[in-house]
Colleague: 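Structure below; questions to follow.
The first residue in the sequence is number 1, and the count goes up from there.
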Amino acid sequence: MSTTEAHFETITTLEGVRVEIRDLTCNYAYQNIFKVTLEVTATFPGTNEVFERKLEKMGVFAEDLDATRRQLVEAFKATGLPYLTKQGFANRLDMAKKAKRPRATGYGV
């Protein structure tokens with residue numbers, strides 16, 4: 001399986017959220033069948049929080065690669081991007097990450 005990483009698109013919203021999309025598409029099984037993977041990374045103004053997601057679709061033929069990438073990005077813009085731009089999203093993301101962090105426990109307790 002060969003993978004190439006390339007910058008695909010950058011989105012900067014009116015709220016200052018910066019979204020970087022990288023193409024991690026790779027072929028598998030045969031030379032003309034691909035797994036389309038787009039890595040989405042969002043940063044928020046005034047915070048160090050980072051939001052990361054992968055958008056994926058398997059079994060894409062070479063001639064459908066561009067259309068599939070566009071469909072994945074447009075679906076993200078319609079469904080995921082509005083959440084990223086909501087006021088307080090970065091703070092809620094930070095709290096959710098902290099809640100998932102394992103806490104140290106004493107032995108024998």
Colleague: Taking atom types as modelled and ignoring hydrogens, do the side chains of Thr13 and Glu15 form a donor-acceptor contact shorter than 3.5 angstrom?
Modeller: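 A pair is found: one side chain offers a donor N or O, the other an acceptor, under 3.5 Å apart.
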Colleague: Surrounding CZ of Arg92 (heavy atoms of other residues, nucleotides or ligands, distance under 6.0 Å), is the total greater than 12?
Modeller: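 Result for CZ/Arg92: enclosed.
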Colleague: Compare every heavy atom of Pro45 with every heavy atom of Gly16, then report the nearest pair and how far apart it is.
Modeller: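 So the minimum-distance heavy-atom pair works out to O-CD, 3.4 Å.
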Colleague: Kindly list each side-chain donor-acceptor pair under 3.5 angstrom involving residues 83-91, sequence neighbours excluded, with atom names and distances?
Modeller:
residue: Thr85; atom: OG1; partner: Pro82; partner atom: O; Å: 3.0

Colleague: To the nearest 0.5 Å, how far apart are CG in Leu72 and NZ in Lys54?
Modeller: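 The CG atom of Leu72 sits 13.5 Å away from the NZ atom of Lys54.
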Colleague: Step by step, work out the side-chain contact (heavy atoms from CB on, under 4.5 Å) result for Thr43 and Val17.
Modeller: CA-CA 6 Å; Thr43 55; Val17 177; over 6 Å; no
Colleague: Is Leu24 reachable from Phe76 through a run of hydrophobic residues whose side-chain heavy atoms are each under 4.5 Å from the next?
Modeller: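 Looking at the clustering, Leu24 is in a separate group from Phe76.
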Colleague: Nearest 0.5 Å, please: how far is CG in Leu38 from CZ in Arg22?
Modeller: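 Separation between the atoms: 11.0 Å.
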Colleague: Could you pull out the closest heavy-atom pair between Val73 and Phe8, with the gap in Å?
Modeller: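 Looks like CG2-CE2, 3.5 Å.
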Colleague: Side chains of Asn32 and Asn27: does their closest heavy-atom pair fall under 4.5 Å?
Modeller: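 Result no, sub-4.5 Å side-chain heavy-atom pair not found.
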Colleague: Hydrogens and angles aside, do Thr10 and Glu20 bring a side-chain donor and acceptor to less than 3.5 Å of each other?
Modeller: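 Yes, a side-chain donor-acceptor pair sits under 3.5 Å.
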Colleague: Would you check if the side chain of Tyr28 reaches a backbone N or O of Gly59 as a donor-acceptor pair within less than 3.5 Å?
Modeller: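 Side chain of Tyr28 to backbone of Gly59, a donor-acceptor pair under 3.5 Å: yes, one is there.
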Colleague: So how far is it from Asp64 CG to Ile33 CD1, rounded to the nearest 0.5 Å?
Modeller: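 Reported to 0.5 Å precision, the distance equals 11.0 Å.
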Colleague: State plainly whether the residues Asp94 and Lys98 are in salt-bridge range, i.e. N to O under 4.0 Å.
Modeller: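 Judged by the 4.0 Å cut-off on N to carboxylate O distance, Asp94 and Lys98 do form a salt bridge.
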Colleague: Check whether any side-chain heavy atom of Phe61 sits under 4.5 Å from a side-chain heavy atom of Phe34, and report yes or no.
Modeller: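 Contact flag for Phe61/Phe34 side chains = no.
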Colleague: Ion pair present between Lys77 and Glu9, side-chain N to carboxylate O less than 4.0 angstrom?
Modeller: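 Salt bridge between Lys77 and Glu9, a charged N being under 4.0 Å from a carboxylate O: yes.
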Colleague: Where do Val36 and Arg69 come nearest, in terms of heavy atoms and distance?
Modeller: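 Closest pair (atom of Val36, atom of Arg69, distance): CG1-CG, 3.9 Å.
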Colleague: Do Ile21 and Val19 have side chains that get closer than 4.5 Å, going by heavy atoms?
Modeller: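 They are in side-chain contact.
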Colleague: Quick check: do Thr37 and Lys35 have side-chain heavy atoms less than 4.5 Å from each other?
Modeller: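 Yes; the side chains approach each other to less than 4.5 Å.
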Colleague: Are Tyr30 and Leu65 joined in one hydrophobic group, where the rule is that I, L, V, M, F, W and Y side chains link up if heavy atoms are under 4.5 Å apart?
Modeller: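 The answer is no; the residues belong to distinct hydrophobic clusters.
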